[in-house]
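Notes to accompany the following structure.
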Amino acid sequence: MTFASAVYRLVRRVPAGSVVTYGQVAACLGAPRRARAVGHAMSRCPVGVPWHRVVNARGGISARARMEGMLTQRMRLLEEGVRFRRGLVDLRTYRWEPARARRQGGRACVSP
DNA sequence: GACTTGACTAGAC
DNA sequence: AGTCTAGCCAAGT
């Protein structure tokens, strides 16, 4: 199991209308200092992974090679009902918290 | 197996 | 409030 596939598994659990941050994903996998590696994994994520639900620590869309990627991310989030304020998602409102999700059913974070 | 490249982040200034 | 810096580390070359 590569780090990337663990990232994909977790991101697939994020429900529509919610977002998570890179650092949050890393921490959830028991590796709080690998936010950057999460970004690296997302940069080449396979089909079926809702990559657009991953945003940076400020609730913004991180820069990438092609501008169109940023635009489609924003568009998809809007379609899912995520509102932007000054170009940023309000994390207090839309952040998905795996701990809470676990209480309602499946396990979200891997145990260290 | 060394070296480079990032969709990162927290903190300093 | 905007930039810079130093850690960080998986993958690709």
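Letters A, B, ... are given to chains in the order of the sequence lines, protein chains preceding strands, and every chain is numbered from 1. What you see is a predicted model, and the numbers here were worked out from it, not measured in a lab.
In this structure, the side chain of Tyr8(A) engages the main chain of Ala41(A) through a donor-acceptor pair within 3.5 Å. With hydrogens and angles disregarded, a donor-acceptor distance shorter than 3.5 Å links the side chain of Arg53(A) to the backbone of Val14(A).
Within a heavy-atom distance below 4.0 Å of DNA chain C, no residue of residues 45-58 of chain A is found.
Counting heavy atoms from C-beta outward, Phe84(A) and Leu77(A) have side chains that approach closer than 4.5 Å. With a 4.5 Å cut-off on side-chain heavy atoms, Arg95(A) and Glu97(A) count as touching.
dA7(B) is unpaired under the criterion used here, namely a Watson-Crick or G-U wobble arrangement in which both key atom distances are under 3.5 Å. In this structure dA1(C) sits in no base pair that meets the Watson-Crick or G-U test at under 3.5 Å.
Put simply, OG on Ser18(A) and OH on Tyr94(A) are 9.5 Å apart, with the number rounded to the nearest 0.5 Å. To the nearest 0.5 Å, the span separating NE2 on His52(A) from CG on Leu78(A) amounts to 10.5 Å.
Residue order along DNA chain C, read from the 5' end via each residue's closest nucleotide, puts Arg36(A) first among Thr2(A) and Arg36(A). Residues Ser5(A) and Arg33(A) both approach DNA chain C. Their nearest nucleotides, taken by heavy-atom distance, put Arg33(A) toward the 5′ side.
With a 6.0 Å radius and a threshold of 12 heavy atoms from other residues, nucleotides or ligands, Arg58(A) has its CZ atom at or below the threshold. Within 6.0 Å of atom CE in Met67(A), 12 or fewer heavy atoms from other residues, nucleotides or ligands are found, so the atom counts as exposed in its surroundings.
With a heavy-atom cut-off of 4.0 Å to chain A, the contacted part of DNA chain B has its first and last nucleotide at dG6(B) to dA10(B).
Comparing the C1' positions of dG6(B) and dC8(C) gives an interatomic distance of 12 Å, to the nearest angstrom.
At the heavy-atom level, Tyr22(A) lies under 4.0 Å from base atoms of the strands shown.
Going from atom CE of Met1(A) over to atom P of dA10(C) covers 15 Å, rounded to whole Å.
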